[in-house]
Amino acid sequence: MIRATVFAILAAAVIFAAIGSGTANAAEAADKKILVAYFSRSGNTAQIATEIQRAKGGDLFEIRAQKTYPADYQTTTEVAKAELEKDERPALAANIANMRDYDVVFLGYPIWWGTMPMAVFTFLEANDFSGKTVVPFCTHGGGGGGRSVDDLKRTLPAATVMDAFVVRGANVSSVQGDVSSWLRNLGI
């Protein structure tokens with residue numbers, strides 16, 4: 001009888017501890033301040049960024065180079081390749097003044113020549129991401145996410161960089177369910 005009572009008390013303690021920690025984790029996740037920052041040339045990455053902001057809340061910020069990229073796709077790829085080869089950091093049109101206020105940064109970008117556009121590197125290097133969780137999402141024309149997550153980890157060694165949500169640009173309009181599922185599974 002005593003053994004059964006002790007077992008029941010211990011079982012109840014374990015259950016209450018599990019419930020309490022789950023509640024604490026949910027409350028902790030709800031208290032995180034979110035930024036959805038993105039670079040988008042064609043609008044594909046912007047569409048996913050808007051969907052993330054709608055689902056998770058937070059602030060939306062477009063990363064834009066001071067000098068506009070050409071309207072012609074082929075010419076843009078040539079400019080992007082030259083920037084990459086020279087390891088350029090294009091000046092930005094604007095920056096986040098209060099990056100320290102954010103806990104989680106969803107970071108969106110297209111894949112240009114196997115990685116992020118150089119303007120995204122400018123944004124990353126202009127801000128302190130120490131202690132932040134960075135959640136990348138990217139669009140591509142057929143080459144996948146390239147080396148962008150590895151480049152993010154190298155550029156932001158003091159941040160936690162999660163795996164990227166990767167989608168082919170031509171499929172953006174039909175991935176709403178995939179984005180919703182991905183966001184649910186993040187635990188953020």
Side-chain angles (χ1 to χ4, degrees), residues 31-141 145-162 164-167 169 172-173 179 183 186 188:
D31 288 342
K32 302 265 186 213
K33 183 132 189 220
I34 295 174
L35 173 66
V36 181
Y38 69 94
F39 177 94
S40 187
R41 180 193 165 278
S42 67
N44 290 331
T45 308
Q47 187 174 338
I48 294 173
T50 302
E51 193 168 324
I52 292 168
Q53 194 268 338
R54 191 175 358 199
K56 300 305 273 183
D59 298 327
L60 194 61
F61 177 77
E62 183 180 5
I63 301 166
R64 290 182 299 114
Q66 206 170 55
K67 183 179 177 188
T68 306
Y69 288 94
D72 175 66
Y73 176 78
Q74 188 61 39
T75 306
T76 295
T77 64
E78 293 166 11
V79 170
K81 185 176 185 180
E83 287 178 349
L84 179 65
E85 288 172 348
K86 296 175 187 172
D87 200 27
E88 285 183 21
R89 298 299 186 266
L92 299 180
N95 204 349
I96 292 286
N98 57 341
M99 181 60 85
R100 70 189 164 284
D101 294 345
Y102 297 101
D103 304 300
V104 177
V105 179
F106 285 88
L107 181 67
Y109 48 86
I111 298 297
W112 286 3
W113 296 101
T115 193
M116 301 167 281
M118 299 313 286
V120 175
F121 282 97
T122 303
F123 174 76
L124 297 174
E125 293 169 1
N127 293 287
D128 183 5
F129 284 80
S130 299
K132 298 189 185 316
T133 298
V134 178
V135 187
F137 60 98
C138 62
T139 57
H140 64 89
R147 65 182 179 279
S148 66
V149 172
D150 289 337
D151 288 345
L152 269 171
K153 289 177 179 177
R154 268 193 300 282
T155 305
L156 305 175
T160 300
V161 178
M162 300 180 76
F165 177 76
V166 181
V167 63
V172 165
S173 62
V179 172
L183 291 171
L186 281 176
I188 294 175

Given 3.5 Å as the limit, does a donor-acceptor pair link the side chain of [X] with the main chain of [Y], or not?
{"X": "R64", "Y": "S40", "answer": "no"}
{"X": "D72", "Y": "T75", "answer": "yes"}
{"X": "T133", "Y": "V104", "answer": "no"}
{"X": "K132", "Y": "Y102", "answer": "yes"}
{"X": "T139", "Y": "V167", "answer": "no"}

In Å and rounded to the nearest 0.5 Å, what is the [atom1] to [atom2] distance from [X] to [Y]?
{"X": "D151", "Y": "T115", "atom1": "CG", "atom2": "OG1", "value": "3.5 Å"}
{"X": "K56", "Y": "K32", "atom1": "NZ", "atom2": "NZ", "value": "12.0 Å"}
{"X": "L84", "Y": "K86", "atom1": "CG", "atom2": "NZ", "value": "11.5 Å"}

Side chains of [X] and [Y]: does their closest heavy-atom pair fall under 4.5 Å?
{"X": "T122", "Y": "M118", "answer": "no"}
{"X": "T76", "Y": "R41", "answer": "yes"}
{"X": "F61", "Y": "L35", "answer": "yes"}
{"X": "P90", "Y": "K67", "answer": "no"}
{"X": "D59", "Y": "K33", "answer": "yes"}
{"X": "M116", "Y": "L152", "answer": "yes"}
{"X": "W113", "Y": "T77", "answer": "yes"}
{"X": "P136", "Y": "V149", "answer": "yes"}

For R89, side-chain hydrogen bond (donor to acceptor under 3.5 Å, both in side chains) partners two or more places apart: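 Only D87, E125 meet the side-chain hydrogen bond (donor to acceptor under 3.5 Å, both in side chains) criterion with R89.
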Nearest atoms (heavy-atom pairs only) where [X] meets [Y]:
{"X": "A159", "Y": "V134", "result": "CB-CG2, 4.1 Å"}
{"X": "S42", "Y": "N44", "result": "OG-ND2, 3.2 Å"}
{"X": "M162", "Y": "V135", "result": "SD-CG2, 3.7 Å"}
{"X": "G57", "Y": "V36", "result": "O-CG2, 4.4 Å"}
{"X": "V79", "Y": "P70", "result": "CG2-CG, 4.0 Å"}
{"X": "P110", "Y": "P117", "result": "O-CD, 3.2 Å"}

side-chain contact (heavy atoms from CB on, under 4.5 Å) assessment of M99 paired with V105: CA-CA 9 Å; M99 181 60 85; V105 179; 4.1 Å; yes
side-chain contact (heavy atoms from CB on, under 4.5 Å) between F123 and I96, worked out: CA-CA 9 Å; F123 174 76; I96 292 286; 3.9 Å; yes
Candidate list W112, F121, Y109, test ring pair (Phe, Tyr, Trp, His ring centres under 6.0 Å), partner F39, passing option: W112
side-chain hydrogen bond (donor to acceptor under 3.5 Å, both in side chains) between Y38 and Q53, worked out: CA-CA 11 Å; Y38 69 94; Q53 194 268 338; over 6 Å; no
N-O pairing of K153 and D150 below 4.0 Å: no
Derivation of the side-chain contact (heavy atoms from CB on, under 4.5 Å) call for I63 and L107: CA-CA 10 Å; I63 301 166; L107 181 67; 3.9 Å; yes
Parallel, tilted or perpendicular: rings of F137 and F106 (30°, 60°):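 Judged by the thresholds at 30° and 60°, the geometry between F106 and F137 is tilted.
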